[in-house]
Amino acid sequence: MATRHWLFKSEPEVFSFDDLWKAKGRTTSWDGVRNYQARNLLRDEIKKGDLVLYYHSNADPQVVVGVCEVVKEGHPDLTQFDPKSDHYDPDAEEGNPRWYVVDIKARDRLERPVSLPELKVAKGLDGLMLTKKGSRLSVQPVSPEHFARILEIAQEKPKK
DNA sequence: GCCAACGTTGGC
DNA sequence: GCCAACGTTGGC
């Protein structure tokens, strides 16, 4: 199957691309997703070898900063069973997990971060979910064309 | 800090 | 099953 492409949002205050870069093996489990649409993608759609754009939301500025690779496909998010976790879900049953993660490994830092305003005005990114109004999904599909275009923009000089 | 957009919950 | 109330996300 062809490699597919995704975009994951993270608040850098919580877990930045630098944090991932410094993590053991530059790898982390993408835990804490508590939205069913995103869960379905993590559990069913996102495959080993897929590529992920790492996006900093709720940041100043909001930027795409790096590329990661999926190194482990959907498996249960253990934080749902941990009462001490912020992501604890009292309704999740052992043996019948409700929430899933994939593991991602940081692969490349972009030449430069590409900001949300740039993505909005860039040519060739029509229909990108990230720039749609009201699009809050924290795990989003990205078309191969859009993915390539964003990497290309990162190679270009920043526009003021 | 505000608030629009959207998702979830729960009463009926 | 409807929908109002509430909670969260995330841009501004």
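All values reported here derive from a predicted model rather than from experimental measurement. Throughout, a chain's letter reflects where its sequence line sits, starting with A, and its residues are numbered from 1.
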Can you tell me the distance, in whole Å, between the CG atom of A:D86 and the P atom of C:dG7? 18 Å
Can A:W21 be reached from A:V63 by stepping across I, L, V, M, F, W or Y side chains whose heavy atoms are under 4.5 Å apart? yes
For A:L151, which fellow cluster members are found when Ile, Leu, Val, Met, Phe, Trp and Tyr are connected by side-chain heavy-atom distances below 4.5 angstrom, either directly or through intermediates? A:L7, A:L51, A:L53, A:Y55, A:V64, A:V67, A:L110, A:V114, A:L116, A:L119, A:L125, A:L128, A:L130, A:V142, A:F147, A:I150, A:I153
Phosphate-side-chain proximity, A:Y55 and C:dG11, N/O vs OP1/OP2 below 4.0 Å: yes
Interatomic distance, A:Q140 CD vs B:dC6 P [rounded to whole Å]: 13 Å
Counting the atoms with a prime plus P, OP1 and OP2 as sugar-phosphate, which does A:Q62 contact under 4.0 Å by heavy atoms, base, sugar-phosphate, or nothing? sugar-phosphate
Answer with base, sugar-phosphate or nothing: what part of the nucleic acid does A:K120 contact at a heavy-atom distance below 4.0 Å? sugar-phosphate
Test: A:D126 and A:K132 ion pair at under 4.0 Å: no
Can you tell me the distance, in whole Å, between the CZ atom of A:R39 and the P atom of C:dT8? 19 Å
Between A:N58 and A:K133, the residue closer to the 5' end of DNA chain B by nearest nucleotide is A:N58
Roughly how many Å is it from CD in A:E11 to C1' in C:dT9, rounded to a whole number? 8 Å
Let me know the distance between CD of A:Q37 and P of C:dT9, rounded to the nearest Å. 15 Å
Does A:R136 contact C:dT8 through a side-chain donor or acceptor facing the base, at a distance under 3.5 Å? yes
With a 6.0 Å cut-off on the ring centroids, do A:F81 and A:W99 count as close? no
Below 4.0 angstrom from OP1 or OP2 of C:dG10, is there any side-chain N or O of A:K9? yes
In whole angstrom, what separates A:L130's CG from C:dC12's P? 10 Å
5' precedence on DNA chain B between A:S135 and A:R98 (nearest-nucleotide basis): A:S135
Please give, in whole Å, the distance from C:dG10 P to A:K132 NZ? 16 Å
Would you say A:L42 ends up clustered with A:L78 if hydrophobic residues are merged whenever their side chains have heavy atoms under 4.5 Å apart, either directly or through other cluster members? no
Send over the distance from A:H56 NE2 to C:dT9 P, rounded to a whole Å. 17 Å
